[in-house]
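Written out below as structure tokens is the structure these notes cover.
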Amino acid sequence: MSVRVRFAPSPTGKLHVGSARTALFNWLFAKHHHGTFILRIEDTDQKRSNPAFLDDIYASLKFLGINADEGPLFQSQRMPIYQEHAKQLLDSGKAIQKEGAVMFQISPRQVTFKDLLRGDITTDTTLFESLVLMKSDGTPTYNFACVVDDALMHISHVIRGDDHIANTPKQVILYEALGLPLPVFAHIPLIVGADRARLSKRFGATSVDEYRRVGYLPEAFVNYLALLGWAPGGNRELVPPEELIELFDLAKVRKTAAYFDQKKLDWLNGQYIKQMPVPKLARMLAERLINKGILQPGYDPATLERITAVIQDRLRVLEDIEEEHIFFFQDPPQYQDEAVAKFLRQDGVGKRLLELRTRLEALPQFDTAAIEQTTRAMVAEQQLQSKDLIHPARVAVTGRSVSPPLFDVMAILGKTKVLHRLEYAATKLADTQ
RNA sequence: GUCCCCAUCGUCUAAUGGUUAGGACAACAGCCUUUCGAGCUGACAAUGGGGGUUCGAUUCCCCCUGGGGACACCA
């Protein structure tokens, strides 16, 4: 039996990370078994569906590298199919027309279905209040359309969130009434937030798009999502997509809800960033900065690569570059008040910075080694502590009290900018209380 | 309220009858260091409770407790 799975989102909101993980598990399972991954859009509720969300779903799946082998199929375009199957049940007396809707006639009994993760789950049908197949507006309900489509699309495994467990017995009796073969069901646990309740807006970012914007790498995000509820074995943490496909085992997915741990995601993303070749990372950062209007399209790639090399180990998310390292791209840098107050507003600082400026100006070769040598020589001659010169100089050059190694930063910025910033800080910001 | 599902460090997880209960993130301490970060080292940290079954239970069974989910002509 060939593996055929589907991911069936409703375009009623941005693609949620919980949905993304469901899509990922389906996709990994399909790819692992050389099967087919189908995208189906459940847009029977025209009032709540919105094309903008559809675009977001496509973009988010594309970002994650989850590509559909078939689809997208739209339920809104399959109305005659549902009507035909409803008629079949009506004709056979298994359903009746009531108040404009088609209702399934539920006979009291026990329904048992097999869940790949949990074993047999049995339910008493008398617990169902009613089972509407077709609403009075002529559109199918979720449980009906889902069964008809899954059967017609020859879905072999229905992998979905465990919030659907209660729907499954209803669907099973519909498969049976329609004389259609049952797929294998696998209900995977939900992702929860800090309050252990299902991930909601209160938690912070919940859509894939938000994570994309902040600058998480698709491989890292997919890696993290895969690790939520499943482990590749061998104490592996960093597992690139190709290996995820190779190692993924649906039967080993845990049954407990997993807490979405932003810190671990950040760490993982940092690991992926660290592993990237500098030129590639530089191009990625450039694209981002250009989009933000921080960098001009005609930028110098060599300089950007030098910046990238210096900040690579410090980035957790791409957004960090505009949060922490913006001084590379602004002239003059934006001076942070606390940094100025702490390191520049001290007696003699201005004079020292001007002295450093004079010494650096004399350098024929403005590289990291020469800058460091010059700075340390001045520290030694004036019997200073290195921090008494370096910290103010850092603030003068970067506007902040925290930065990558100062001598590297200076070398990248170049003599002109460095001299100008030292002078500016010494004369306009330093000493004055 | 009714029904269903679940239960290992703070978090993600490994170990399905025999381990000093392992790893990772976080937090903490130290090293390195011009700051921060990165890196390295170290210490701390868990089988929810009670009954069984067994020579032996994280592991199998039952009860309790706790958490979550579902109870729409929404999906």
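Per chain, numbering begins at 1; letters A, B, ... match sequence-line order.
The same atom, C1', is picked in A21(B) and in C44(B); the two are 16 Å apart, to the nearest Å. Distance noted for atom C1' between A15(B) and C9(B): 15 Å (whole Å). Rounded to the nearest Å, the gap between the P atom of C28(B) and that of U13(B) is 24 Å. Rounded to a whole angstrom, the distance from the C1' atom of U47(B) to that of U19(B) is 14 Å. One P atom belongs to C31(B), the other to A46(B), and the distance between them is 28 Å to the nearest Å. Nucleotides G50(B) and U58(B) place their P atoms 12 Å apart, quoted to the nearest Å. Here, C64(B) and G1(B) have their P atoms 15 Å apart, quoted to the whole Å. Atom P of A26(B) sits at a distance of 15 Å from the matching atom of C12(B), rounded to the whole Å.
Between the C1' atom of A75(B) and the CD atom of Gln46(A) lies a distance of 13 Å, rounded to the nearest Å. Here the P atom of nucleotide U34(B) and the CD1 atom of Ile371(A) are 16 Å apart, to the nearest Å. Here C5(B) presents its P atom at 18 Å from CZ of Arg198(A), a figure rounded to the nearest Å. Here the C1' atom of nucleotide G39(B) and the CD atom of Gln275(A) are 15 Å apart, to the nearest Å. As a whole-Å value, the separation of Glu324(A) CD from A38(B) P is 11 Å. Rounding to whole angstrom units, CG of residue Leu199(A) and P of G69(B) are separated by 12 Å.
Note on Arg376(A) versus Glu372(A): salt bridge recorded, some NZ/NE/NH1/NH2 to OD/OE distance being below 4.0 Å. Salt bridge Asp331(A)/Arg421(A): present, at least one basic N to carboxylate O contact under 4.0 Å. Ion pairing of Lys351(A) with Glu355(A) is absent here, as no side-chain N (NZ or NE/NH1/NH2) approaches a carboxylate O to less than 4.0 Å.
Under the Watson-Crick or G-U wobble criterion, with both distances below 3.5 Å, C25(B) is paired with G10(B). Across all strands shown, C71(B) forms a Watson-Crick or G-U wobble pair, both distances under 3.5 Å, with G1(B). Of all nucleotides present, none satisfies the Watson-Crick or G-U wobble test against U53(B) with each distance under 3.5 Å.
No side-chain heavy atom of Phe185(A) sits less than 4.5 Å from a side-chain heavy atom of Ile165(A). Between Val102(A) and Phe144(A) the shortest side-chain heavy-atom distance does not fall below 4.5 Å. For the pair Pro404(A) and His325(A), the minimum side-chain heavy-atom distance is below 4.5 Å.
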*Any chance you could lay out the salt bridge (Lys or Arg N to Asp or Glu O under 4.0 Å) test for Arg198(A) and Asp163(A), step after step, and finish with the verdict?*
CA-CA 10 Å; Arg198(A) 125 201 262 157; Asp163(A) 51 335; 2.9 Å; yes
*Please lay out, stage by stage, how Lys14(A) and Val208(A) fare under the test side-chain contact (heavy atoms from CB on, under 4.5 Å).*
CA-CA 8 Å; Lys14(A) 290 180 135 196; Val208(A) 172; over 6 Å; no
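In the displayed structure, Gln373(A) atom CD is contacted under 6.0 Å by at most 12 heavy atoms of other residues, nucleotides or ligands. Residue Lys342(A) places its NZ atom among 12 or fewer non-hydrogen atoms of other residues, nucleotides or ligands, all under 6.0 Å distant. Around atom NE2 of His32(A), more than 12 heavy atoms belonging to other residues, nucleotides or ligands sit under 6.0 Å away.
In this structure, Phe128(A) reaches neither bases nor backbone, as no heavy-atom distance under 4.0 Å exists between it and the strands shown. Backbone-only contact: Thr44(A) has heavy atoms under 4.0 Å from sugar-phosphate atoms and none from a base. Within 4.0 Å (heavy atoms only), Ser10(A) reaches sugar-phosphate atoms of the nucleic acid but no base atom. At a threshold of 4.0 angstrom between heavy atoms, the contacts of Pro404(A) include nucleobase atoms, whether or not backbone atoms are also involved. Within the 4.0 angstrom heavy-atom criterion, base atoms lie near Pro405(A). Using a 4.0 Å heavy-atom distance criterion, Leu127(A) is classed as a sugar-phosphate-only contact.
Ser156(A) places a side-chain N or O within 3.5 Å of a backbone atom of Arg4(A) that can act as its donor or acceptor partner. No donor-acceptor distance shorter than 3.5 angstrom exists from the side chain of Asn269(A) to the backbone of Ala220(A), with no hydrogens or angles considered. Judged by distance alone, with hydrogens and angles left aside, the side-chain atoms of Asp56(A) form a donor-acceptor pair with the main-chain N or O of Leu15(A) at under 3.5 Å.
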Below 3.5 Å between N/O atoms, which protein atoms pair up with nucleotides 6-8 of chain B? Just atom names and distances, please.
residue : atom : partner   : partner atom : Å
U8(B)   : OP2  : Arg254(A) : NH2          : 3.4

*What does nucleotides 18-26 of chain B look like as a protein-contact string, B for base, S for sugar-phosphate only, - for none, at under 4.0 angstrom between heavy atoms?*
----BBBSS
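For the segment residues 160-175 of chain A, residues with any heavy atom less than 4.0 angstrom from an atom of RNA chain B are, sorted by number, Asp163(A), His164(A), Ile165(A), Ala166(A), Asn167(A). The stretch residues 372-392 of chain A comes close to RNA chain B through Arg376(A), Ile390(A), His391(A), each having a heavy atom under 4.0 Å from the strand. Within residues 79-90 of chain A, no residue is approached by RNA chain B to less than 4.0 Å at the level of any non-hydrogen atom. Of the residues in residues 226-233 of chain A, those lying under 4.0 Å from RNA chain B by heavy-atom distance are Leu227(A), Leu228(A), Gly229(A), Ala231(A). Residues of residues 96-114 of chain A having a heavy atom closer than 4.0 Å to RNA chain B, listed by number: Glu99(A), Ala101(A).
Ranked by how close their nearest RNA chain B nucleotide is to the 5' end, Asp43(A) and Lys274(A) are led by Lys274(A).
Under the side chain to side chain donor-acceptor pair (under 3.5 Å) criterion, Asp266(A) pairs with Tyr216(A), sequence neighbours left out. With sequence neighbours excluded, the residues satisfying side-chain contact (heavy atoms from CB on, under 4.5 Å) with Ala8(A) are Arg6(A), Arg40(A), Glu42(A). Every side-chain contact (heavy atoms from CB on, under 4.5 Å) that His16(A) has, sequence neighbours left out, goes to Ser19(A), Leu199(A), Thr206(A). For the side-chain contact (heavy atoms from CB on, under 4.5 Å) test, residues two or more places apart in sequence or in another chain that qualify with Ala257(A) are Val192(A). Partners of Ile106(A) according to the side-chain contact (heavy atoms from CB on, under 4.5 Å) rule, which considers only residues two or more places apart in sequence or in another chain, are Phe104(A), Thr125(A), Phe128(A), Leu131(A).
Within the 6.0 Å centre-distance limit, the rings of Tyr335(A) and Tyr424(A) are counted as a close aromatic pair. Between Phe260(A) and Tyr224(A), the ring center distance clears the sub-6.0 Å criterion.
Residue Arg196(A) places its side chain closer to C12(B) than to any other of C12(B), C73(B), C3(B).
Side-chain contact check for Arg254(A) and Thr256(A): at least one donor-acceptor pair (N or O, by modelled atom type) lies under 3.5 Å.
The aromatic rings of Phe25(A) and Phe248(A) sit tilted relative to each other, their planes meeting at an angle between 30° and 60°.
One donor-acceptor pair, N or O on each side, does fall under 3.5 Å between the base of C73(B) and the side chain of Ser136(A).
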